[in-house]
Chemist: 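What follows is a single structure, and I will ask about it in a moment.
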Amino acid sequence: VTASAEVRVPVVVDGARDYVVAIRSGGLDAVGAHAVDAAPAVRRWAVVCDDTVGALYGDRVRRSIEGAGRPADVFTFPAGEAHKIRGTWADVTDRLVAAGLGRDGGVVGLGGGVSGDLAGFVAATYMRGVPVMQVPTSIVAMVDSAVGGKTGVDVPSGKNLVGAFHPPVRVVVDPETVRTLPRVERAQGLAEAVKHGAIVDADYARWIGEAATDLLGGDVDAANRLVARSVEVKAEVVSRDERESGLRETLNFGHTVGHALEALSDYTLPHGSAVSIGMVLEARLGESLGWTAPGTAAALAAILESVELPTAPTGPVDVEGALGFMKADKKVRDGRPRVVFLERLGRVRVDGGSWASAVDEEALRGLLSSA
Ligand SMILES: NC(=O)c1ccc[n+]([C@@H]2O[C@H](COP(=O)([O-])OP(=O)(O)OC[C@H]3O[C@@H](n4cnc5c(N)ncnc54)[C@H](O)[C@@H]3O)[C@@H](O)[C@H]2O)c1
Ligand SMILES: [Zn+2]
């Protein structure tokens, strides 16, 4: 057994709430040590996870925390986005109260983005807020949702509409957990990782394409490398955003069109697939407007195809419906949707000091009807 070195990526919030993302194979067994180190005042931990992840890793995490001298219990809820709702929040918080978790308690969000968002929101609200530690086990959660502090639940009229900003005290990533992650879920997470490459690091984006077989197959070394670079990119963007507001918007690349396609499908199109198509279409739009280097959309599409993500809608797009969703977005200016454009692979276009550009409806209509 080779003990791999731990990669530590710092995330700046506001000084007092800065935290570290610790990435290492076998990291699940170090959750207890991290818990005591990051939140020494927490006397007892509640591990909140969905039942799938609970069955796989709940006991191991609980034992790691108990081994570090703190009692811990596992609280599970049914897996799936359909359970990232207020009812589950109510149920879990009731169970924490019944178990006697006090103000000196803490929450571990163990699992994919659903578990992390729900556990984070439980922690943000329980006893007016207790510390949360994030232990992501899906690629989506490792490269995206566990970093940045956004927590919350879905409501009938929309996703993530009720929530709180509650940065974790520590994020512990064990890339070995990707071994049990279904292949389609690995691919979903790779969409956001390709996005990280597309906005700041072309070599990284190309490497994902080259390492596709390993990444999709659950190879731990490849996962380690992926998570380390993606966390670096996301941490850098959200950290710098604390000072120069707006940089976070670059993470929206592929999402203006992607969100519209996702909503149009009534959320049957998974988020990663929607963003994958969105990135290619937004790059193509940028090329047609003369803002994005020719060939960028094709290069992105080749990478995304190699990681088994879709790069075009499966059928004709309801153009007016899609435009409706884009114009309902909160980022719209003068009724013109805002899109993050690439100057080329690895670089975002700056438009008059802004990371996104307002786009005429006609241009979007043209793009979507030809898609
Ligand atoms: N807070 C943020 O900034 C942010 C960012 C991106 C996404 N999100 C949220 O994340 C959610 C999507 O996350 P997700 O794709 O991880 O979904 P998820 O949590 O539902 O996980 C996907 C599936 O994989 C299973 N799973 C997770 N890890 C596993 C493992 N190691 N082995 C076997 N099975 C495993 C889960 O049980 C689930 O069935 C959405 O709700 C989205 O809104 C939040
Ligand atoms: Zn996304």
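The first residue of the sequence shown is numbered 1, and numbering continues consecutively from there. Whatever order the structure lists ligands and atoms in, that order sets their numbers, starting from 1.
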Chemist: Taking 4.0 Å as the limit for heavy-atom contacts, which would you say applies to T151 with ligand 1: side chain only, backbone only, both, or neither?
Modeler: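 None of T151 does.
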Chemist: Going by the atom numbers of ligand 1, which of them fall below 4.0 Å from some non-hydrogen atom of K150?
Modeler: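 Ligand 1 atoms under the 4.0 Å threshold to K150: 1 (N), 3 (O).
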Chemist: Which bit of T180 gets closer than 4.0 Å to ligand 1, counting heavy atoms only: side chain, backbone, both or neither?
Modeler: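 Looking at T180 and ligand 1, atoms from backbone and side chain both fall under 4.0 Å.
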Chemist: With heavy-atom distances below 4.0 Å as the criterion, list the atoms of ligand 1 near L56.
Modeler: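 With L56 as reference, the close atoms of ligand 1 come out as 32 (N), 33 (C).
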Chemist: List ligand 1 atoms under 4.0 Å from S145, heavy atoms only on the residue side.
Modeler: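 Those atoms are 1 (N), 2 (C), 3 (O), 4 (C), 5 (C), 6 (C), 7 (C), 8 (N), 44 (C).
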Chemist: Just distances here: any N/O of D144 and N/O of ligand 1 closer than 3.5 Å?
Modeler: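 D144 vs ligand 1: no N/O contact under 3.5 Å.
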Chemist: To which of K159, E81, E185 does the heavy atom nearest atom 40 (C) of ligand 1 belong?
Modeler: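 When every heavy atom of K159, E81, E185 is considered, E81 comes closest to atom 40 (C) of ligand 1.
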Chemist: Which class fits the ring pair Y204 and W207: parallel under 30°, tilted 30 to 60°, perpendicular over 60°?
Modeler: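 Correct class here is parallel.
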Chemist: At a non-hydrogen distance cut-off of under 4.0 Å, which region of L181 contacts ligand 1 (side chain, backbone, both, or neither)?
Modeler: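 The answer is both, backbone and side chain.
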Chemist: Please confirm if an N, O or S atom belonging to D144, backbone or side chain, lies less than 2.8 Å from the Zn ion (ligand 2).
Modeler: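 Coordinating: no.
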Chemist: How does V178 reach ligand 1, if at all, at less than 4.0 Å between non-hydrogen atoms: by side chain, backbone, both, or neither?
Modeler: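 Answer for V178: neither.
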Chemist: For ligand 1, which is the ligand I care about here, please tell me if G111 has any N or O atom under 3.5 Å from one of the ligand's N or O atoms.
Modeler: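 Such a contact does not occur with ligand 1.
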Chemist: Using the side chain to side chain donor-acceptor pair (under 3.5 Å) rule, pick out the option among T177, T52, T137, T180 that qualifies with Y57.
Modeler: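 Only match with Y57 under side chain to side chain donor-acceptor pair (under 3.5 Å): T180.
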Chemist: Applying salt bridge (charged side-chain N to carboxylate O under 4.0 Å, His left out) as the test, list every pair that has at least one member in residues 267-278; sequence neighbours left out.
Modeler: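 Residue pairs with at least one partner in residues 267-278: there are none.
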Chemist: If you measure from each non-hydrogen atom of E192 to ligand 1, which part falls under 4.0 Å: side chain, backbone, both or neither?
Modeler: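 Neither part.
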Chemist: Would you mind finding which of K84, H83, K234 brings a heavy atom closest to atom 42 (C) of ligand 1?
Modeler: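 That would be K84.
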Chemist: Which residue pairs satisfy the salt bridge (charged side-chain N to carboxylate O under 4.0 Å, His left out) criterion with at least one member in residues 361-371, sequence neighbours excluded?
Modeler: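 For residues 361-371: E320-R365, K327-E361, E361-R365, E362-R365.
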Chemist: Should one rank L110, V114, L251 by closest heavy-atom distance to atom 18 (P) of ligand 1, which comes out on top?
Modeler: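 Ranked by closest heavy atom to atom 18 (P) of ligand 1, first place is V114.
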Chemist: What part of Q188 sits under 4.0 Å from ligand 1 if we count only heavy atoms: the side chain, the backbone, both or neither?
Modeler: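 It is neither part, as no heavy atom is under 4.0 Å.
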Chemist: For W291, is the NZ or CZ atom of R349 found under 6.0 angstrom from the centre of its six-membered ring and inside 45 degrees of the ring axis?
Modeler: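 Yes, a cation-pi geometry.
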Chemist: Number the atoms of ligand 1 from 1 as they appear, then name those within less than 4.0 Å of a heavy atom of T137, with their elements.
Modeler: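 Matching atoms, with element in brackets: 27 (C), 28 (N), 29 (C), 30 (C), 31 (N).
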